[in-house]
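Naming: A, B, ... by sequence-line order, numbering from 1 per chain.
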Amino acid sequence: MSECMRQINPDVVPAFPITPSTQVIEDFSQFVADGKVDTEIITVESEHSAMSACIGAAAAGGRVMTATSSAGMALMWEMLYVASSMRQPIVMTLINRAMSAPINIHADHSDSMGARDAGWIQLYAENNQEAYDNLIMAIKIAENMDVRLPVMVCMDGFIISHCVQTMQLEDTEKIRLFVGEFASTYPVLDTENPASWGALDLQDYYMEHKRAQHMAMKNAKNVIKKVSGEFADIFGRKYELFESYQLEDAERVIIAINSVCGEIKEVIDERREKGDRVGLLKIRSFRPFPYEEIAAALEGVKIVTVLDRSESMGAYGPLFTEIRTALFNAPQKPMVYNRIFGLGGRELFMSDIHDIFEENKTYLETNRVEKMFDYLKVRGG
Amino acid sequence: MPSLQEMAKKDGAFAGGHRMCAGCPVPIFTKMLTRVTDGYEIVAGNATGCLEVASSIFPYSAWKIPWIHTAFENVSASMSGVETMYRVLKKKGKITKPYKFIAMGGDGGTYDIGLQSLSGAMERGHDLVYICYDNGAYMNTGVQRSSATPMGASTTTTPKGEQSFGRQGTRKDLTRIMVAHNIGYVAQASIHNPVDLSEKLKKAIELDGPAFINLLSPCIPGWKIAPDLAVEVARLGVETKYWPMYEVIDGEYKINYTPEKDIPVSEWMFLQGRFKHLQKPEYKDVVDAFQQEVDRNWNWLVRQAEAVKLLSTEAKN
């Protein structure tokens with residue numbers, strides 16, 4: 001991710017160290033120290049200040065990036081809302097990590113899922129290549145004049161962030177041409193046309209501003225598609241709002257996010273060889289959430305297992321609630337149920353994924369979902 | 001340095017029609033921001049607080065210069081971002097004019113919730129002037145105590161009561177904390193003395209690097225004083241040595257004003273409704289302790305300033 005940031009060459013990067021995102025900033029700091037970028041780093045004293053400085057720098061009129069994880073993003077919480085509500089196109093790498101307590105440094109999605117209502121576009125990645133590609137596209141999506149919203153580019157901590165994978169790095173000049181020059185709107189540094197940013201907005205205007213933000217998020221769906229299309233034209237890798245893997249004729253489908261999808265694909269390949277009609281729907285854009293498109297992609301599917309890598313204590317998992325909402329108005333609703341897995345980095349092996357497909361096979365054959373909600377691979381049931 | 005009359009003719013940063021309370025002295029300094037020095041573009045930032053809410057009720061704004069507010073505890077951090085972006089764009093040739101950056105906050109946003117981001121910004125060395133208008137409590141939310149609230153003051157979270165004389169303990173000395181950051185310029189000023197204040201503002205703005213000014217700024221409803229008394233109460237705060245006017249340049253203390261007479265601090269206190277209950281004889285101890293604290297701080301300051309003089313004499317010899 002730091003290499004990608006070097007290629008993008010942002011103006012300002014405010015950042016604070018937190019495992020596992022630290023190395024992104026360490027490596028990038030070396031690029032700054034070696035004069036390989038024009039960027040100024042602000043080594044702030046907390047993540048709250050990191051996001052505050054991001055907002056100030058972006059409002060001043062330039063391109064701003066940062067990176068964080070888990071508790072770090074939690075400390076930014078207040079400012080995540082301010083960043084999106086002040087319509088600052090900040091791009092942040094979020095290396096997904098479990099929220100404390102108990103303290104844990106490994107992957108789950110409790111950090112980003114908790115921030116799903118903060119007004120940020122959220123893009124997820126199965127592997128390093130997708131994370132790299134998403135980061136490039138994120139700049140162009142965030143800065144689009146019909147969007148002007150911050151984007152978090154999410155990937156699983158350690159499993160992906162610290163994993164050595166073969167990937168295609170693109171030419172720096174091509175990337176810079178693709179992302180283009182930053183265009184500012186009402187920059188704070190424009191003293192000829194002084195603007196007031198962050199005014200007090202009461203009952204008579206607040207709701208219109210929120211609605212405008214909502215419309216920008218709606219626009220983002222088409223802009224993500226458009227930018228992904230342009231990316232494919234130049235770099236050859238095609239991305240959609242979600243990935244359909246063997247969905248065409250699938251009867252039984254798993255829906256999941258991030259690194260686990262790699263294993264699921266392997267398992268699907270094995271089972272397909274034996275004629276088992278299984279498939280995967282992998283979420284890329286969680287905000288905005290493509291409800292209609294997902295419902296259309298699941299037409300003909302008979303049962304859906306939604307895997308959530310985070311908890312919403314006292315409710316179903318956050319992905320599950322979106323999927324069931326997407327399916328509610330579908331003419332033929334598949335059976336759909338929820339499994340929580342992988343909290344705090346707990347492994348899910350290929351054999352476990354086979355077990356999921358065996359379970360949903362039984363559910364389909366008996367036409368009965370025995371357990372709507374359950375934990376996978378947990379002691380004590 | 002332009003005279004006050006000359007300064008008044010220049011374009012101010014802050015327009016009338018804002019919704020600060022009648023008699024609030026805060027606009028005295030906001031109007032000065034663009035008037036004390038020439039040759040710089042001035043960009044300002046605000047912590048959440050009275051000044052922020054009363055100057056920017058959408059769709060109106062009293063600010064005639066670029067101004068940004070993002071939250072309560074972080075004006076130093078968001079202005080660090082603005083200032084850093086300026087340096088990058090200047091380096092790239094996209095901006096050519098020289099700029100200066102001002103961050104403003106009340107004592108709640110500065111002494112308490114904003115202390116961490118203030119400390120970070122000062123330590124990192126941004127070219128930023130921080131002005132704390134110290135009115136000794138969270139006035140915007142309705143007079144709750146802060147760590148700047150003086151001993152004995154009755155606030156809505158330290159009310160006087162059957163068992164309490166108000167705020168317990170002594171206030172934090174933020175100015176000295178800022179001196180400990182080893183920045184080039186730290187000063188205390190008072191809203192009643194615009195000549196001294198404008199000189200300090202000019203020094204702070206013209207300095208290349210971080211500067212901090214702590215400004216005594218009485219609050220009409222919070223101190224429970226008449227709307228025409230803010231300037232007089234601030235003056236008496238300085239005359240009684242509650243609020244010494246001094247500056248620390250590159251670590252060296254200089255007292256800017258030494259009162260001619262020893263006026264007991266109770267004269268300042270009892271002009272204000274928030275201390276009125278302390279007039280009861282049973283609270284004599286509290287008033288005495290307050291006076292001792294004022295004396296101790298003043299004497300400490302005098303010793304710092306004398307040490308500087310002594311050292312410079314030795315250097316000459």
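In terms of heavy-atom pairs under 4.5 Å with chain B, the best-connected choice from A:Ala59, A:Ala50, A:Ser49, A:Pro187 is A:Ser49. Of the listed residues A:Thr43, A:Thr39, A:Leu202, the one with more heavy-atom pairs under 4.5 angstrom with chain B than any other is A:Thr43. Per-residue counts of heavy-atom pairs under 4.5 Å with chain B were compared for A:Asp190, A:Thr191, A:Val12, A:Val64; the largest is that of A:Thr191. Contact count against chain B (heavy-atom pairs under 4.5 Å) is highest for A:Ile42 among A:Asp201, A:Ile42, A:Asp38, A:Ile55. Contact tally against chain B (heavy-atom pairs below 4.5 Å) for A:Val82, A:Val188, A:Leu189: the top residue is A:Leu189. Of the listed residues B:Trp63, B:Tyr99, B:Phe101, the one with more heavy-atom pairs under 4.5 angstrom with chain A than any other is B:Tyr99.
One finds no salt bridge joining B:Arg124 and B:Glu83 here, because no Lys/Arg side-chain nitrogen approaches an Asp/Glu carboxylate oxygen to under 4.0 Å. Between A:Arg6 and A:Asp34, none of the side-chain N atoms (NZ, or NE/NH1/NH2) sits under 4.0 Å from a carboxylate O, so this pair counts as no salt bridge. With respect to B:Lys10 and B:Asp38, a salt bridge is recorded, a charged nitrogen being found less than 4.0 Å from a carboxylate O. A salt bridge is defined here as a Lys NZ or Arg NE, NH1 or NH2 lying under 4.0 Å from an Asp or Glu carboxylate O, and B:Asp173 with B:Arg176 meets this definition.
In this structure, the portion of A:Glu192 lying under 4.5 Å from any heavy atom of chain B is its side chain and not its backbone. With a 4.5 Å cut-off on non-hydrogen atoms, B:Val53 touches chain A through its backbone and its side chain both. With a 4.5 angstrom heavy-atom cutoff, B:Lys64 touches chain A only via backbone atoms. In this structure, chain A has heavy atoms under 4.5 Å from both the backbone and the side chain of B:Ile57. Residue contact with chain B, scored on non-hydrogen atoms closer than 4.5 Å, involves the backbone and the side chain of A:Glu40 alike. Heavy atoms of A:Met79 lying under 4.5 Å from chain B belong exclusively to its side chain. Using a 4.5 Å cut-off between heavy atoms, B:Glu123 makes no contact with chain A at all.
Using a distance-only test at 3.5 Å, with no hydrogens or angles considered, no donor-acceptor pair links the side chain of B:Arg19 to the main chain of B:Ala54. The main-chain N or O of A:Glu143 is found under 3.5 Å from a side-chain atom of A:Arg148 such that the two form a donor-acceptor pair. In this structure, A:Lys140 contributes its side chain and A:Val227 its backbone to no donor-acceptor pair below 3.5 Å.
Heavy atoms only, all atoms of each residue included: B:Pro27 and B:Met20 are closest at CG-CG, 4.0 Å.
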Query raised in the report: Are B:Glu206 and B:Tyr185 close enough, and set up right, to give a side chain to side chain donor-acceptor pair (under 3.5 Å), and what steps lead you there?
Result: CA-CA 10 Å; B:Glu206 290 181 351; B:Tyr185 190 77; over 6 Å; no

